[in-house]
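Below: one structure, written as structure tokens.
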Amino acid sequence: MTRPDKQRSLSFGAEAAAYERGRPSYPPEAIDWMLPPDARKVLDLGAGTGKLTTRLVQRGLDVVAVDPIPEMLELLRNSLPDTPALLGTAEEIPLPDNSVDAVLVAQAWHWFDPELAVKEVARVLRPGGRLGLVWNARDERMGWVRDLGRIIGSEDAHFHEKTTLPDVFTDVERYRVEWTSYLTPQALIDLVASRSYCITSPEQVRTRTLDRVRELLATHPALANSAGLALPYITVCIRATLA
């Protein structure tokens, strides 16, 4: 089993503001599908700047956010001052046993040590609780999005759909939503700048990558002179119940 790259997983703090400005949220349909109907207390694990946390709070849920990066949590606390935001990891969750109805993980499960994370998630979940995993992947079937992928690396929704969970979880189901995020050209630059490989690249490589994205924005017929961009996504969800 491939272990996550620890340096890259903790790199986002250097571009926390760009992450908040450029990264998309998650479609309501996907969130509704992951949440159990009777959920009251929910843990957003690997919450980052609170993209998913915000959507959960808007539903009136009792939400706790946990993330290992202080800079990300600072932005989350600024936007959601009444939501507990705790420094912690998926391998050591700072919550008591049997304390939440659901654990949701957005754009982060692939950074965790799966063996340790599964044990901790199972520990904090109440019996019959729900684990929900979600990832946004750019839909690169469109011309300019495919060209963007050639510059910054392609995203494959199928990769995340193949994620497996151990037998401590049952009723494992998969679901996908196709939707569109609307953003400014600058937000697209921020999206690229906030990606881990870009953050951890040598400065020369990082600069060249961002310059190529700016060139795409300036020259592609679908993007040039446009104040707003439509970026299609495929959102992949997995849900499972604690046995």
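Every value quoted in this text rests on a predicted model; they were computed, and no experiment measured them.
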_Could you work out, with side-chain hydrogen bond (donor to acceptor under 3.5 Å, both in side chains) as the rule, every residue matching Glu173, not counting sequence neighbours?_
Arg239

_Under the side-chain hydrogen bond (donor to acceptor under 3.5 Å, both in side chains) test, residues paired with Arg126 that sit two or more places apart_ = Asp101

Residue list, salt bridge (charged side-chain N to carboxylate O under 4.0 Å, His left out) with [X], at least two apart or on another chain:
| X | value |
| --- | --- |
| Asp97 | Arg123 |
| Arg212 | none |
| Glu155 | Arg138, Arg195 |

For [X] against [Y], the heavy-atom pair lying closest together:
| X | Y | value |
| --- | --- | --- |
| Gly46 | Asp67 | C-OD1, 3.3 Å |
| Trp144 | Ala230 | CZ2-O, 3.4 Å |
| Ser226 | Pro185 | O-CG, 3.3 Å |
| Leu95 | Val124 | O-CG1, 3.9 Å |
| Leu56 | Leu35 | CD2-CD1, 4.0 Å |
| Ala243 | Thr170 | CB-CG2, 3.7 Å |

Are the side chain of [X] and the backbone of [Y] linked by a donor-acceptor contact shorter than 3.5 Å?
| X | Y | answer |
| --- | --- | --- |
| Thr163 | His160 | yes |
| Glu20 | Leu75 | no |
| Asp190 | Arg23 | no |
| Thr54 | Lys51 | no |
| Arg59 | Arg55 | yes |
| Asp139 | Ile234 | no |

Let me confirm one number: the [atom1]-[atom2] distance from [X] to [Y], rounded to the nearest 0.5 Å.
| X | Y | atom1 | atom2 | result |
| --- | --- | --- | --- | --- |
| Leu61 | Lys41 | CG | NZ | 12.0 Å |
| Ile69 | Leu76 | CD1 | CG | 12.5 Å |
| Glu120 | Glu92 | CD | CD | 7.0 Å |
| Asn136 | Ser25 | CG | OG | 8.0 Å |
| Cys237 | Glu161 | SG | CD | 9.5 Å |
| Met34 | Ile238 | CE | CD1 | 10.5 Å |

Treating Ile, Leu, Val, Met, Phe, Trp and Tyr as nodes and any side-chain heavy-atom pair under 4.5 angstrom as an edge, say whether [X] and [Y] lie in one connected cluster.
| X | Y | value |
| --- | --- | --- |
| Phe159 | Val236 | no |
| Val205 | Ile189 | no |
| Val168 | Leu45 | yes |

_Can you tell me if Glu178 has over 12 outside heavy atoms packed within less than 6.0 Å of its CD?_
yes

*Count the heavy atoms of every other residue, nucleotide or ligand shown that sit under 6.0 Å from CG of Asn225, and state whether that count exceeds 12.*
no

*Can you say whether the rings of His110 and Trp135 are parallel (under 30°), tilted (30 to 60°) or perpendicular (over 60°)?*
tilted

_Using the rule given for side-chain contact (heavy atoms from CB on, under 4.5 Å), can you reason through Leu104 versus Val42, listing the C-alpha separation, both sets of side-chain angles and the distance that settles it, and then say yes or no?_
CA-CA 7 Å; Leu104 298 192; Val42 179; 4.1 Å; yes

_Which residue is it: Val66, Leu43, Ile93? I am looking for the one with a side-chain contact (heavy atoms from CB on, under 4.5 Å) to Leu86._
Val66

Considering only heavy atoms from C-beta outward, does the side chain of [X] approach that of [Y] to under 4.5 Å?
| X | Y | result |
| --- | --- | --- |
| Asp113 | Thr89 | no |
| Pro127 | Asn98 | yes |
| Leu80 | Val63 | no |

*Could you note down all residue pairs passing ring pair (Phe, Tyr, Trp, His ring centres under 6.0 Å) where residues 21-69 supplies at least one of them, sequence neighbours left out?*
Trp33-Tyr175

*Step-by-step side-chain contact (heavy atoms from CB on, under 4.5 Å) determination, Trp109 to Leu165*: CA-CA 11 Å; Trp109 186 261; Leu165 295 170; 3.9 Å; yes

*If you measure from the Lys or Arg side-chain nitrogens to the Asp or Glu carboxylate oxygens, is any gap between Asp211 and Arg208 under 4.0 Å?*
no

*Could you go step by step and tell me if Phe169 and Leu242 meet the side-chain contact (heavy atoms from CB on, under 4.5 Å) rule?*
CA-CA 5 Å; Phe169 288 99; Leu242 182 63; 4.2 Å; yes

*Test Val64 against Val100 for side-chain contact (heavy atoms from CB on, under 4.5 Å), laying out the working first.*
CA-CA 9 Å; Val64 178; Val100 296; 5.7 Å; no

